[in-house]
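In the text below, chain A, chain B and the rest are named by the order of the sequence lines, each starting its count at 1.
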Number of protein chains: 2
Amino acid sequence: MSGMVEASPDGRPTPATLHDVAREAGVSVATASRALNGSTRNVRTENVSRVLAAAAKLDYEPHLSAQAIAKGSTRTAALVVGDVADPYFSSIAAGVTRAAEAAGLIVTMAVADRSPERELEIVRTLRGQRPRVIIIAGSRVDGAGTRDALVEELAQYRTAGGRVVLISQQDLPFGTVTIDNRGGAGQLARALAGAGYRRFAVIRAPERVRTSRERVDGFTEGLREAGVSLDDRFVVETEFTRAGGYAAARELAGRGLDGIEVVFAVNDVMAIGAMTAFRDAGLVPGEDIAVAGFDDIGSAVDVVPALTSVAVPLEEAGASAMRLALAEGSETVRIETRVILRESTPPR
Amino acid sequence: MSGMVEASPDGRPTPATLHDVAREAGVSVATASRALNGSTRNVRTENVSRVLAAAAKLDYEPHLSAQAIAKGSTRTAALVVGDVADPYFSSIAAGVTRAAEAAGLIVTMAVADRSPERELEIVRTLRGQRPRVIIIAGSRVDGAGTRDALVEELAQYRTAGGRVVLISQQDLPFGTVTIDNRGGAGQLARALAGAGYRRFAVIRAPERVRTSRERVDGFTEGLREAGVSLDDRFVVETEFTRAGGYAAARELAGRGLDGIEVVFAVNDVMAIGAMTAFRDAGLVPGEDIAVAGFDDIGSAVDVVPALTSVAVPLEEAGASAMRLALAEGSETVRIETRVILRESTPPR
DNA sequence: TTGAAAGCGCTACCAT
DNA sequence: ATGGTAGCGCTTTCAA
């Protein structure tokens with residue numbers, strides 16, 4: 001009894017409408033609507049079953065757009081990420097969709113390609129969707145001019161009743177899930193100093209990449225507390241990618257380690273690229289040069305030696321963002337991080 | 001001049017509507033609509049600018065749902081994946097969104113959690129969205145009963161004018177992007193035999209995981225062609241995850257390698273887990289035991305030894321799926337794979 | 001408990 | 001070139 005698709009006047013088949021269901025059930029559209037979702041109370045049980053049967057027979061699916069416009073609100077949540085293929089973002093995306101689906105929301109996802117301009121553009125068109133919530137898992141980049149425009153756009157959206165939550169972009173006036181980059185990096189620095197390391201190098205992303213900046217600041221701070229200083233010569237700036245990490249490590253290895261005992265890369269992807277570069281340069285990671293990263297992505301335990309890192313519960317961060325967006329009050333949720341020492345930084 | 005949000009009668013601020021824009025510009029809604037998107041030809045340039053200015057001033061964004069219902073079609077593409085956090089799916093997702101955005105489509109994503117039942121449920125509710133296209137990056141699992149229901153549901157959707165494309169689930173009657181699992185695995189088997197390997201083990205997922213089945217079949221076939229046979233005792237079945245790979249390898253190592261020279265895991269994630277397990281068991285991957293995987297995920301080159309694998313251009317597969325969905329005719333696109341020998345399988 | 005009908009925001013047709 | 005208006009599919013008063 002399925003395969004029931006009405007043929008419209010012009011011959012093109014058309015999905016069944018509420019109207020069709022009502023007619024099939026021999027009731028009015030109002031009653032059909034009520035039977036399908038409105039307070040079932042006020043409709044004779046017999047009619048309820050008639051409508052349900054008709055709907056099933058016609059394979060009816062309510063037109064979400066029509067519902068949205070009639071009700072004045074949608075059941076969608078919009079998620080903006082920098083790059084889905086990056087485990088950092090895809091983990092967050094997993095958490096967001098899990099929580100969204102639990103709340104009966106449909107997730108629409110846009111990829112900003114790590115560009116603040118694109119991010120702004122996306123948010124702009126997203127508003128047209130009238131999503132219930134917009135979650136931005138930041139490009140982790142400060143876009144000078146675009147920043148104000150983005151804030152403006154989001155404020156606008158919120159004024160109109162939307163909920164916005166930012167992941168890892170504190171000090172913007174919205175709900176925020178922050179990741180304790182500074183604290184985690186500080187802990188890591190102290191842990192490494194405690195393990196006997198004294199001569200450090202850092203592989204970082206450009207200044208405008210906020211996440212990187214915070215991690216470097218926290219790390220430097222942690223070293224200072226441990227009474228160790230960081231020589232600027234050993235801070236190399238590169239792209240926030242595996243390739244960047246590889247290139248930076250090659251440069252370090254190329255100019256001679258010069259006494260460096262350990263290098264901290266601001267994320268695991270870069271750290272792993274760096275380990276490979278060291279190895280390619282004839283250095284044995286964990287013996288000739290220790291390496292530490294940040295994020296504790298899954299593959300951290302599969303590289304050799306296993307990578308010391310700072311664990312960030314990314315999926316949890318995504319889920320928290322969604323819950324925060326759905327909650328009424330809410331301000332800021334802080335995601336704690338935790339240092340995990342592994343073989344890539346043996347005690348010395 | 002922004003921050004213009006009308007206050008509705010009940011006090012709650014409301015986003016500007018086309019009506020507001022028209023009033024602000026001193027024209028009719030019809031003209032405003034035309035100025036904003038209809039053939040700009042039939043509207044006095046002066047009015048066009050008035051409307052544009054008004055829209056900018058009011059920070060107007062067209063209500064997509066309203067447009068959808070008025071026009072009878074949306075600008076969305078729906079993507080269902082098994083698990084976003086898995087690099088296999090997130091790479092595909094990256095390709096799909098890239099191509100979708102290029103075509104001006106909004107992507108909505110749902111996660112099926114590798115469950116055919118959930119997949120069916122998702123497709124059902126997706127139909128309510130009236131997306132232009134539905135792309136399913138399969139759960140890679142054959143769900144006995146649900147399969148027919150899924151086909152039915154999708155057929156329904158297509159009859160109503162929707163486009164459906166399946167990734168890696170051939171022999172379903174829809175547009176399909178197939179990945180040459182069988183061929184790639186066959187090539188790999190021959191390459192390994194050519195490198196001197198004779199005694200093989202296989203780490204596979206359960207029979208109902210189609211991708212796994214195809215890769216095993218292709219591999220066995222390739223071995224046969226090379227005149228090598230595969231002993232059933234050395235085919236171990238496990239979960240289609242890193243943990244599964246780890247467990248299987250531990251089992252193999254635990255009962256003694258028994259002459260096995262190389263193990264093929266049906267995907268990289270499993271292969272990498274297996275390498276770690278071997279190492280934990282005191283075996284050196286690439287020396288004591290060779291390992292090969294499938295997919296060539298990014299981290300294949302970052303593990304030690306670098307992992308021999310079969311490259312699958314996943315992002316390309318995702319983009320192809322989108323293009324296929326948008327194209328008129330079209331049937332099946334085949335994504336070719338390519339064997340990449342690395343240090344995990346040295347010649348012997 | 002039910003149905004008629006007034007919108008929701010927008011597009012497109014028909015006049016003008 | 002422009003405006004009036006009839007829908008699009010649905011929800012939600014308002015009467016009956």
Side-chain angles (χ1 to χ4, degrees), chain A residues 5-6 8-10 12 14-51 54-55 58-75 127-130 160-161, chain B residues 5-6 8-10 12 14-51 54-55 58-75 127-130 160-161:
Chain A
V5 173
E6 305 287 309
S8 61
D10 74 333
R12 275 269 283 99
T14 258
T17 71
L18 184 58
H19 220 91
D20 303 329
V21 174
R23 189 155 35 71
E24 174 77 28
V27 300
S28 72
V29 283
T31 299
S33 172
R34 283 185 283 246
L36 257 13
N37 47 46
S39 28
T40 315
R41 308 228 143 273
N42 326 321
V43 58
R44 271 212 333 263
T45 36
E46 191 204 316
N47 277 337
V48 173
S49 23
R50 295 174 72 86
V51 171
L58 300 182
D59 236 314
Y60 171 75
E61 266 317 319
H63 193 306
L64 263 29
S65 289
Q67 289 194 152
I69 164 178
K71 298 213 250 225
S73 77
T74 62
R75 300 280 314 160
R127 275 183 43 214
Q129 253 191 79
R130 306 288 189 273
Chain B
V5 173
E6 306 287 309
S8 62
D10 74 334
R12 274 270 282 96
T14 258
T17 71
L18 185 57
H19 222 90
D20 303 330
V21 173
R23 189 155 36 72
E24 174 78 28
V27 300
S28 72
V29 281
T31 299
S33 173
R34 281 185 286 245
L36 257 14
N37 46 45
S39 28
T40 315
R41 307 228 144 270
N42 326 321
V43 94
R44 266 208 341 258
T45 37
E46 191 204 314
N47 277 336
V48 173
S49 23
R50 295 174 73 86
V51 171
L58 300 182
D59 237 312
Y60 170 74
E61 269 314 320
H63 194 306
L64 263 29
S65 289
Q67 289 193 153
I69 167 178
K71 298 213 252 227
S73 77
T74 62
R75 301 279 315 160
R127 275 182 44 213
Q129 254 191 79
R130 307 287 190 272

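- Note: CZ (A:Arg50) to P (C:dT2) measures 11 Å, nearest angstrom.
- Atom CG in B:Asn42 sits about 14 Å away from atom C1' in C:dT11, given to the nearest Å.
- With distances taken from any side-chain atom of A:His63 to the nucleotides D:dC10, C:dC10, D:dG4, the minimum falls on D:dC10.
- Nearest-nucleotide positions on DNA chain D for B:Arg44 and A:Ile69 put B:Arg44 closer to the 5' end.
- For the pair A:Leu36 and A:Leu18, the minimum side-chain heavy-atom distance is below 4.5 Å.
- Here the shortest heavy-atom pairing between B:Ala54 and B:Glu24 reads CB-CG, 3.5 Å.
- Rounded to an integer number of Å, the gap from B:Glu46 CD to D:dT2 C1' is 13 Å.
- For the pair B:Glu61 CD and C:dG9 C1', the computed distance is 14 Å after rounding to whole Å.
- The distance from the CG atom of B:Asp20 to the CG atom of B:Asp59 is 12.5 Å, given to the nearest 0.5 Å.
- Taking OG1 of B:Thr74 as the reference point, atom CD of B:Gln129 lies at 7.5 Å (rounded to 0.5 Å).
- For A:Ser33, there are no side chain to side chain donor-acceptor pair (under 3.5 Å) partners at least two apart in sequence or on another chain.
- Side-chain contact check for B:Glu61 versus A:Arg130: some heavy-atom pair is nearer than 4.5 Å.
- The structure places NE2 of B:His19 at 9.5 Å from OG of B:Ser28, a figure rounded to the nearest 0.5 Å.
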- Note on the structure: Nucleotide by nucleotide, nucleotides 11-16 of chain D touches protein heavy atoms under 4.0 Å in the pattern (B base, S sugar-phosphate only, - none) BBB---
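- The two atoms that bring B:Val51 and B:Val21 nearest to each other are O-CG1, 3.8 Å, heavy atoms only.
- Between the axis at the start and the axis at the end of the helix from C:dT1-D:dA16 to C:dT16-D:dA1 there is an angle of 40°, using five pairs per end and rounding to 10 degrees.
- Nearest-nucleotide mapping onto DNA chain D: of B:Asn47 and B:Arg130, the residue sitting toward the 5' end is B:Asn47.
- Going from atom CD of A:Gln67 over to atom CD1 of B:Ile69 covers 10.5 Å, rounded to the nearest 0.5 Å.
- Atom NE2 in A:His19 sits roughly 12 Å away from atom P in D:dG7 (whole-Å rounding).
- Phosphate contact (OP1/OP2 of C:dG9, side-chain N/O of B:Thr17, threshold under 4.0 Å): absent.
- If you measure from atom CG of A:Leu36 to atom P of D:dC10, you get 9 Å, rounded to the nearest angstrom.
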